[in-house]
Amino acid sequence: MTTLLHCGDAARGDLWRAVLPDLVPGLTVRHWPDLGDPSDIEYVAAWTLPPGLAAGLPNLRMVASIGAGVDQLELATIPPHVAVVRLIEPDLVRGMVEYAVMATLMLQRDMLGYRDDQQARRWSPRRRVAAADRRVGVMGLGAIGTAVLDGLAPFGFALSGWSRSAKTIDGVATWHGADQITAFARDVDILICALPLTDETRGILAKPLFDVLPAGAGVINVGRGGHLVQDDLLAALATGQIGGAILDVTTPEPLPGDSALWHHPAVVLTPHIASDTVPAAAARAMAEAILAIQRGGVPAGQIDRTIGY
Ligand SMILES: O=C(O)C(=O)CO
């Protein structure tokens, strides 16, 4: 019996149980914690894995993240021969683009400053800076980062991007690797982090990077809370080196009530809502991944276990 174990939202589990067997002939879908015979389970889909689950499934072939990131699966708990796949579907990418464009425009149009003015009943118009005079840099040039750059292009921003390995994107100045991060960052007025969280990128949004950005730069984090060193951000906001931050992700989540980020006038905080996975679309992506494995192929979105994304 070929079985997928779905972990997480029960409504999505029910939908998947109804639709996936039509997309993958012979597939049975079980919903955690109904494991049945663990040796039936070849595929697991989860946002986070129940502790010890992956190691206890002798015939496991693939773990799929229900989302674009995989770090929350705790890759070290998944045996190395098991394929790990990110389930990126178009609606999830669209949500990320919407959020990143909204956040960029908020910083571009000084909405954080006008929010303050409104609270103080201050009528204080400021000169608009044209988008063409603002440099927006995206860190992470995978499916999400490149879609964000596409979404920003019509506004006329000067666009750049930085990634681990070299990428070429029309109309975007691209940089790569640790050696080029300074050259990238010194010309970025609004920095968007869309990186995967790996050992290399953890804590990358920190003082050394903030110090290189032009004074007053804005920071947007749609990656993971672990990318940001919160104390360094607060210090950079205090000196004005960073002018504003829009954060959709924090460490930990939920953000504790006593965090200074909650009430900071130069911070907009949202509870990891930039995007989400649409269950029906994710079922199709899941089916394609299983069919690829069954054909002996590599599913779209399979990560390189050696680099963690
Ligand atoms: O899909 C993911 O990994 C997300 O965090 C969506 O915001």
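When a ligand or atom number is given, it counts from 1 through the structure's own listing order. Along the sequence shown, the residues carry numbers beginning at 1. Atom set for the values below is all heavy atoms of this structure, side chains included, hydrogens, waters and symmetry mates excluded.
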Among side-chain atoms of [X] and [Y], is any donor-acceptor pair under 3.5 angstrom?
{"X": "Q72", "Y": "S65", "answer": "yes"}
{"X": "T201", "Y": "H227", "answer": "yes"}
{"X": "N59", "Y": "S39", "answer": "no"}

Exercise for the section: Classify the contact between D276 and ligand 1 as side chain, backbone, both or neither, using a heavy-atom distance cut-off of under 4.0 Å. Expected result: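 Under 4.0 Å from ligand 1, D276 contributes no heavy atoms.
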Practice task
Quick one: look at A68 and ligand 1, take heavy-atom pairs under 4.0 Å, and tell me if it's side chain, backbone, both or neither.
Solution key: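 Near ligand 1, A68 shows its backbone as well as its side chain.
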Exercise for the section: Cation-pi check, R134 to F155: give yes when NZ or CZ is under 6.0 Å from the six-membered ring centre and within 45° of the ring axis, no otherwise. Expected result: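 Relative to the ring axis of F155, which defines the angle, R134 lies outside at least one limit.
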Practice task
Report yes or no: does Y99 have a heavy atom closer than 4.0 Å to ligand 1?
Solution key: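 Contact check Y99 vs ligand 1: negative.
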Exercise for the section: Please verify whether a non-hydrogen atom of A274 lies at under 4.0 Å from ligand 1. Expected result: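 No.
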Exercise for the section: Please work out whether the ring planes of W47 and H272 are parallel, tilted or perpendicular, with thresholds of 30° and 60°. Expected result: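 Perpendicular: the ring planes of W47 and H272 meet at over 60°.
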Exercise for the section: Check F157 against L152 and note the closest heavy-atom contact, atom names and distance. Expected result: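 Reported closest heavy-atom pair: CD1-O, 3.9 Å.
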Practice task
Identify the two heavy atoms, one from C7 and one from V44, that lie closest to each other, and give their separation to 0.1 Å.
Solution key: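 What the structure gives for the nearest pair is SG-CG1, 4.2 Å.
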Give yes or no for whether the N/O distance cutoff of 3.5 Å, strictly under, is met between [X] and ligand 1.
{"X": "G69", "value": "yes"}
{"X": "T277", "value": "no"}
{"X": "R224", "value": "yes"}

Practice task
Specify the protein heavy atom at minimum distance from atom 6 (C) of ligand 1: its residue, its atom name, and the distance to 0.1 Å.
Solution key: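 Among all protein heavy atoms, the one nearest atom 6 (C) of ligand 1 is S275 O, 3.6 Å.
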Exercise for the section: Specify the protein heavy atom at minimum distance from atom 4 (C) of ligand 1: its residue, its atom name, and the distance to 0.1 Å. Expected result: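 Sorting protein heavy atoms by distance from atom 4 (C) of ligand 1 puts H272 NE2, 3.6 Å first.
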Practice task
Give the atoms of ligand 1, by number and element, whose distance to some non-hydrogen atom of L92 is under 4.0 Å.
Solution key: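 So the answer, numbered in order with elements, is 1 (O).
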